[in-house]
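Below is one structure; the comments refer to it alone.
All values below were derived from every heavy atom in this structure, side-chain atoms included, with hydrogens, water molecules and symmetry-related copies excluded. Just so we're clear, the structure is a prediction, and the values are computed from it rather than from any experiment.
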Amino acid sequence: MAPARLRGGSPTLTIEAAPAYEFVVAIATLFEERETMEVGQDWFAELEGRAGADLIARLTALSQGEGDPWFHLISLVYASPAPRDVRSFLGHLRKTDAEEIALTLLGYYERGYRRAAEPEVMRRAIAGDRDAQRELHRSYYPEWGEWHDFLHSMFEREPAATKAELIAVLEEWEKAVWREEEPKLMPILERDAEAKRALAAELPLERFTEVATNGVEYLPRPGVREVVLTPTFVNRPWVSTTEYRDVDILTYPVADESVTAETDAPPLRLVRLSKALGDERRLRILRILGSGDKTLMELAELFEVPKTTMHHHMIALRSAGLVTLTSGTKRYRLRRDAVPDVGELLRVYLGAADGLPATQAPPVRSTRRKGPRA
């Protein structure tokens with residue numbers, strides 16, 4: 001799909017449902033907070049069963065059980081040639097310098113990671129400089145023990161060995177898991193991408209990305225040439241951002257109507273809203289946000305709960321389209337203009353019994369990680 005220039009001097013916007021993106025993201029989700037994922041525990045069990053214990057163990061060893069290195073690979077998917085299917089992605093990896101692959105896994109192209117570690121130190125560490133490796137262990141997210149396990153494993157292997165093992169496990173993942181998943185997932189992703197392209201023609205970039213991500217504000221960093229949005233089914237409801245040189249890549253959850261377009265199941269919008277509003281604490285959170293924006297920490301302190309508990313509540317509320325996470329300040333804001341009529345959604349769904357397709361509910365006006373995940 002050719003990129004389109006949005007009005008107002010914004011960067012070029014590309015919306016792309018390419019198989020290799022979801023191929024990589026599906027692996028990353030294995031190492032994320034599964035209880036927050038909408039695909040459900042049965043999905044993970046099925047994929048792990050198809051993959052087999054040996055392949056899962058190799059995937060785990062390569063990233064030391066961390067999801068971030070797999071998300072970082074999204075930048076190499078972007079760098080691969082069209083149509084960015086798994087075959088072209090793997091072909092690109094085979095031609096890519098081993099040290100470049102290792103640096104990508106370490107987060108070399110990610111702003112947040114580059115703030116924590118000097119890029120030149122990262123390069124020297126991957127090249128085998130022991131002083132640089134010690135410096136990374138000292139300064140590169142020192143409180144994140146699992147990340148340092150990953151760093152240690154990367155430094156213990158030559159980049160060529162990392163590249164060879166990465167390609168080998170990706171080839172096995174494609175055979176054991178992805179060949180069966182791709183025909184199920186790609187129609188959903190393509191439907192959503194097509195709908196988002198139509199929406200992008202009507203909105204400025206900042207408003208469009210908030211709609212597409214269902215409530216996450218995005219402001220392009222200085223110097224960004226292109227913004228790529230790629231839909232995900234497996235990583236719902238998370239939004240993950242990846243950076244590659246002068247390109248920002250946002251992996252956003254597909255809209256509910258894209259998932260249910262060919263079924264008579266209850267609209268996921270209605271299900272999400274019912275879950276979000278069916279919890280007394282979440283209703284109280286919305287009431288508090290009605291008087292002003294709050295950070296995650298402020299909300300956790302108000303309710304005297306751990307940040308992780310509050311984070312789960314806010315995921316449910318944002319996924320339902322009830323709150324927005326602002327860019328930069330990371331404050332949650334009530335979306336007054338999007339407070340839905342739950343009764344109307346229910347009425348339309350129940351109308352399916354009279355011959356009206358359940359999917360004719362009002363269109364969803366929906367507006368990752370240690371690093372940029374919301």
Side-chain angles (χ1 to χ4, degrees), residues 3 11-14 16 18 20-25 27-28 31-32 62-64 66-82 84 88-90 92-127 129 132-133 135-136 139-141 144 147-148 150-151 153-155 157 159 162-163 166-167 170 209 218-230 232 235 238-252 327-328 368-374:
T12 296
L13 173 69
T14 302
E16 183 176 38
Y21 287 116
E22 193 79 333
F23 170 75
V24 167
V25 170
I27 299 176
F31 305 107
E32 294 296 311
L62 193 56
S63 69
Q64 291 297 297
E66 287 296 300
D68 283 37
W70 302 107
F71 280 110
H72 295 163
L73 279 181
I74 289 173
S75 65
L76 291 179
V77 174
Y78 171 82
S80 65
R84 295 189 180 88
S88 63
F89 171 55
L90 292 177
H92 176 72
L93 286 182
R94 294 186 188 99
K95 296 176 183 178
T96 301
D97 179 77
E99 289 192 3
E100 175 75 0
I101 290 175
L103 285 168
T104 299
L105 293 172
L106 255 62
Y108 181 80
Y109 291 105
E110 305 287 337
R111 262 183 308 173
Y113 289 79
R114 289 169 73 100
R115 291 193 194 103
E118 291 289 335
E120 182 56 33
V121 174
M122 295 172 70
R123 281 196 169 276
R124 289 193 286 111
I126 285 299
D129 185 320
Q133 292 172 1
E135 173 60 20
L136 280 189
S139 62
Y140 202 13
Y141 295 119
W144 186 6
W147 184 247
H148 285 269
F150 172 65
L151 292 180
S153 72
M154 291 290 287
F155 298 153
R157 282 193 306 266
T162 295
K163 174 181 175 178
L166 175 66
I167 293 173
L170 290 177
T209 52
Y218 163 78
L219 297 174
R221 55 194 167 96
V224 169
R225 170 182 57 84
E226 183 181 9
V227 178
V228 177
L229 267 72
T230 180
T232 179
N235 199 41
W238 291 98
V239 177
S240 298
T241 61
T242 308
E243 297 156 9
Y244 182 69
R245 304 183 191 276
D246 57 356
V247 177
D248 281 354
I249 307 165
L250 279 67
T251 305
Y252 71 91
S327 178
R368 63 185 110 147
R369 284 192 319 175
K370 200 73 175 183
R373 199 160 179 262

Side chain to side chain, [X] and [Y], heavy atoms closer than 4.5 Å:
X    : Y    : result
D68  : E32  : yes
L229 : V227 : yes
I101 : P159 : no
M122 : L103 : yes
V228 : Y244 : no
V224 : V247 : no
E100 : Y109 : yes

For the [atom1] atom of [X] and the [atom2] atom of [Y], what is their distance to the nearest 0.5 Å?
X    : Y    : atom1 : atom2 : answer
S240 : I249 : OG    : CD1   : 11.5 Å
L136 : H148 : CG    : NE2   : 8.5 Å
T230 : Y252 : OG1   : OH    : 7.0 Å
L73  : L166 : CG    : CG    : 5.5 Å
L151 : E66  : CG    : CD    : 10.0 Å
L76  : T104 : CG    : OG1   : 4.0 Å

Not counting sequence neighbours, which residues clear salt bridge (charged side-chain N to carboxylate O under 4.0 Å, His left out) with [X]? List them please.
X    : result
R94  : E171
R111 : E243
R114 : none
E99  : none

[X]: which residues meet the side chain to side chain contact (heavy atoms under 4.5 Å, CB included) condition with it, sequence neighbours left out?
X    : answer
S153 : Q64, F150, R157
P81  : S88, H92
A132 : V121, R124, A125, D129

Those residues that, when tested against [X], pass side-chain hydrogen bond (donor to acceptor under 3.5 Å, both in side chains) (two or more places apart):
X    : value
D246 : R225
T232 : E22
Q133 : R130
T251 : none

Please find the pair of heavy atoms, one from E110 and one from T242, that lie closest to each other, and give the distance.
OE2-CG2, 3.0 Å
Residues Y218 and D248: side-chain donor-acceptor under 3.5 angstrom
yes
Any chance the side chains of E226 and Y78 put a donor and an acceptor closer than 3.5 Å?
yes
Any side-chain to backbone donor/acceptor pair from Y140 onto L106? Under 3.5 Å, distance only.
yes
Quick one: does any side-chain atom of R84 pair with a main-chain N or O of E16 as donor and acceptor, under 3.5 Å?
no
Could you tell me if the ring centre of Y141 sits under 6.0 Å from that of Y113?
yes
Could you list the residues that satisfy ring-ring contact (aromatic ring centres under 6.0 Å, His included) with Y108, not counting sequence neighbours?
none
Before giving the answer on side-chain contact (heavy atoms from CB on, under 4.5 Å), spell out for L170 and F89 the whole-Å C-alpha distance, their side-chain angles and the decisive distance to 0.1 Å.
CA-CA 10 Å; L170 290 177; F89 171 55; 4.0 Å; yes
